[in-house]
Amino acid sequence: MTTVIDQTVTVAFDDNRLVPLLYGERDSHLARIEHLLGVSLASRGNQVTIRGPEPAVQRALLVLNSLWSRLEGGLPVGAAEIDTAVRFAGEEPSADPGSPLGSFNRPEAGIRTRKRLISPRTVTQAAYIEALGRYELTFGLGPAGTGKTYLAVAQAVSMLTSGQVDRIVLSRPAVEAGERLGFLPGDLKEKVDPYLRPLYDALHDMLPAEQVTKQIDNGTIEIAPLAFMRGRTLSNAFVILDEAQNATSMQMRMFLTRLGEHSRMVVTGDISQVDLPPGTRSGLRDAIDILEGVEGIGFVRFSDRDVVRHALVTRIVRAYDAFDRARKEAGR
């Protein structure tokens with residue numbers, strides 16, 4: 001029989017201007033930490049007393065210190081940051097500056113866009129941000145809601161606004177439209193825009209709306225179906241292929257060879273969500289098999305633990321994964 005030892009720890013914070021930001025309105029931040037970690041937090045002045053099982057108390061202490069470091073660095077603390085700190089604290093034994101939890105508190109470890117600083121919210125996101133800055137070609141692989149495309153667009157906007165690239169090229173395969181594009185109403189842009197909407201949404205999170213419109217109009221930002229990439233050389237650009245699992249092997253090879261001088265390329269996708277016709281092999285799967293281990297190419301794999309949308313999305317992803325595994329085993 002395992003004995004759970006309760007512990008009581010009191011921590012003090014030395015800047016009374018920041019204490020209200022740490023506690024939240026009506027101690028809402030402390031209440032959220034209590035709920036997520038199963039501890040009791042009692043505040044008195046600039047001190048917080050933590051009570052509960054020893055492992056949970058130590059995690060809560062780590063979370064509070066991590067959030068305090070963010071505030072001292074001028075970074076915001078809200079519900080999302082609390083959830084992130086709790087997630088990191090479950091995987092990292094310390095808030096050392098070199099650890100992913102430490103990177104969560106350092107402005108230089110995030111991606112700065114015109115609107116805000118985007119910090120990693122999972123350990124894998126921290127590794128992905130590092131890879132985006134390091135490699136000329138990065139593959140972000142994993143389920144929906146893990147930030148693969150969002151962070152890639154953020155890095156693209158950051159490099160554009162800092163002058164490191166001259167333009168952004170965002171692309172997706174318009175698989176769902178198939179051969180029926182010609183039957184949809186409107187001009188070509190109106191036909192394909194619905195399939196590219198997630199990329200527009202990400203851009204509007206990074207830049208003021210008027211700048212997005214202006215830069216799309218003058219060609220600084222280009223959003224186009226994958227088929228439009230053929231025959232081009234993309235130099236001085238940040239190029240993203242989203243939903244790459246829906247590219248054929250020929251399309252993937254074509255896209256990867258568009259990379260020109262002084263450019264970065266990011267390929268994102270989830271090989272469990274292929275919409276290609278039955279019997280058609282995903283070009284993303286081929287690219288993984290062929291290119292993994294090639295110098296200068298980074299691969300970052302996300303899992304359901306990295307889903308940062310609504311908590312229910314994580315449970316949905318896990319349920320579908322379990323169903324798929326059971327079906328494969330039953331078919332053996």
Visitor: Whether the side chain of Ser263 engages the backbone of Asn236 through a donor-acceptor N/O pair (distance < 3.5 Å, no angle test) should be reported.
Guide: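 Confirmed, Ser263 side chain pairs with Asn236 backbone.
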Visitor: Could you give me the CA-CA distance, side-chain angles and deciding distance for Arg327 and Asp324, then say whether salt bridge (Lys or Arg N to Asp or Glu O under 4.0 Å) is met?
Guide: CA-CA 5 Å; Arg327 184 166 55 182; Asp324 288 341; 3.3 Å; yes
Visitor: Just jot down the salt bridge (charged side-chain N to carboxylate O under 4.0 Å, His left out) partners of Asp205, sequence neighbours excluded, or say none.
Guide: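 Checked Asp205 against salt bridge (charged side-chain N to carboxylate O under 4.0 Å, His left out); zero matches.
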Visitor: Stepwise, does the salt bridge (Lys or Arg N to Asp or Glu O under 4.0 Å) test hold for Glu136 with Arg264?
Guide: CA-CA 5 Å; Glu136 292 179 312; Arg264 291 290 177 95; 5.5 Å; no
Visitor: Is there a donor-acceptor pair closer than 3.5 Å between any side-chain N or O of Thr213 and the backbone N or O of Ala209?
Guide: yes
Visitor: Measuring from atom CZ of Arg258 to atom OG of Ser235, what distance do you get when rounded to the nearest 0.5 angstrom?
Guide: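 Atom-to-atom, Arg258:CZ and Ser235:OG are 11.0 Å apart.
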Visitor: Do you know which two heavy atoms are closest between Ala60 and Ile33, and how far apart they sit?
Guide: CB-CG2, 4.4 Å
Visitor: Does any pair with a residue in residues 29-42 pass salt bridge (charged side-chain N to carboxylate O under 4.0 Å, His left out), and if so which ones, sequence neighbours excluded?
Guide: Arg32-Asp83
Visitor: Any side-chain heavy atom of Leu203 within less than 4.5 Å of one from Ile221?
Guide: yes
Visitor: Go through Val307 and Phe302 one step at a time and tell me if the side chain to side chain contact (heavy atoms under 4.5 Å, CB included) criterion holds.
Guide: CA-CA 8 Å; Val307 173; Phe302 295 84; over 6 Å; no
Visitor: Is there a donor-acceptor contact under 3.5 Å from the side chain of Gln58 to the main chain of Pro55?
Guide: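 Flag not set: sc Gln58 to bb Pro55 has no pair under 3.5 Å.
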Visitor: Using a 3.5 Å distance criterion without hydrogens, assess whether the side chain of Arg285 forms a donor-acceptor pair with backbone atoms of Gln245.
Guide: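 Side chain of Arg285 to backbone of Gln245, a donor-acceptor pair under 3.5 Å: no, none is there.
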Visitor: Go through the steps to decide whether Val11 and Leu64 satisfy the test side chain to side chain contact (heavy atoms under 4.5 Å, CB included), and finish with yes or no.
Guide: CA-CA 9 Å; Val11 57; Leu64 286 170; 4.2 Å; yes
Visitor: For the hydrophobic clusters of this structure (ILVMFWY residues joined by side-chain heavy atoms under 4.5 Å, transitively), does one cluster hold both Val239 and Tyr135?
Guide: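 Different clusters.
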Visitor: List for me each residue that meets side-chain contact (heavy atoms from CB on, under 4.5 Å) alongside Ile290, sequence neighbours excluded, and say none if there are none.
Guide: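 In terms of side-chain contact (heavy atoms from CB on, under 4.5 Å), with neighbours along the sequence ignored, Ile290 is linked to Asp286.
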Visitor: Can you tell me if Gln125 uses its side chain to pair, donor with acceptor, with the backbone of Thr146 under 3.5 Å?
Guide: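 Looks like yes, one N/O pair under 3.5 Å.
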Visitor: Under the 3.5 angstrom rule, does the side chain of Lys148 hit a backbone N or O of Asp270 as a donor-acceptor pair?
Guide: no
Visitor: Answer yes or no: is there a side-chain heavy-atom contact under 4.5 Å between Gln7 and Pro53?
Guide: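 They are not in contact (no side-chain heavy atoms under 4.5 Å apart), so the answer is no.
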Visitor: Would Leu67 and Leu71 count as a side chain to side chain contact (heavy atoms under 4.5 Å, CB included) if you check the C-alpha gap in whole Å, the side-chain angles of each, and the deciding distance to 0.1 Å?
Guide: CA-CA 6 Å; Leu67 296 174; Leu71 291 171; 5.6 Å; no
Visitor: So, do Tyr23 and Val48 sit near enough that their side-chain heavy atoms are less than 4.5 Å apart?
Guide: yes
Visitor: Sub-3.5 Å donor-acceptor pair from the side chain of Gln47 to the main-chain atoms of Arg44, do we have one?
Guide: no
Visitor: Mind checking what makes side chain to side chain donor-acceptor pair (under 3.5 Å) contact with Gln164, not counting sequence neighbours?
Guide: Ser162
Visitor: Spell out, as yes or no, whether a donor-acceptor pair under 3.5 Å connects the side chain of Ser28 to the backbone of Gly24.
Guide: no
Visitor: Would you say Leu241 and Leu226 make side-chain contact, with heavy atoms under 4.5 Å?
Guide: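 Yes, side chains in contact.
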Visitor: Verify, without hydrogens or angle tests, whether His29 (side chain) and Leu21 (backbone) share a donor-acceptor contact under 3.5 angstrom.
Guide: yes
Visitor: Who are the side chain to side chain donor-acceptor pair (under 3.5 Å) partners of Thr161, not counting sequence neighbours?
Guide: none
Visitor: Can any side-chain N or O of Asn246 pair as donor or acceptor with the backbone N or O of Val274 at less than 3.5 Å?
Guide: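 Flag not set: sc Asn246 to bb Val274 has no pair under 3.5 Å.
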Visitor: Mind checking what makes side-chain contact (heavy atoms from CB on, under 4.5 Å) contact with Ser158, not counting sequence neighbours?
Guide: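 In terms of side-chain contact (heavy atoms from CB on, under 4.5 Å), with neighbours along the sequence ignored, Ser158 is linked to Ile111.
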Visitor: Do Phe299 and Leu141 make a side-chain contact, defined as non-hydrogen atoms from C-beta onward lying under 4.5 Å apart?
Guide: yes
Visitor: One pair to check against side-chain hydrogen bond (donor to acceptor under 3.5 Å, both in side chains): Ser171 and Asp242. What are the steps and the verdict?
Guide: CA-CA 6 Å; Ser171 185; Asp242 189 32; over 6 Å; no
Visitor: Determine whether Ile118 and Met206 make a side-chain contact, defined as any pair of heavy atoms from C-beta on separated by less than 4.5 Å.
Guide: yes
Visitor: Are Leu259 and Val294 connected in a single hydrophobic cluster, I mean Ile/Leu/Val/Met/Phe/Trp/Tyr linked by side-chain heavy atoms less than 4.5 Å apart?
Guide: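 Yes, because Val294 and Leu259 connect within a single hydrophobic cluster, where side-chain heavy atoms sit under 4.5 Å apart.
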Visitor: If you measure from CG on Asp306 to OG1 on Thr124, what distance do you get to the nearest 0.5 Å?
Guide: 3.5 Å
Visitor: Search all heavy atoms of Ser43 against all heavy atoms of Leu30 and return the closest pair with its distance.
Guide: CB-CD1, 3.8 Å
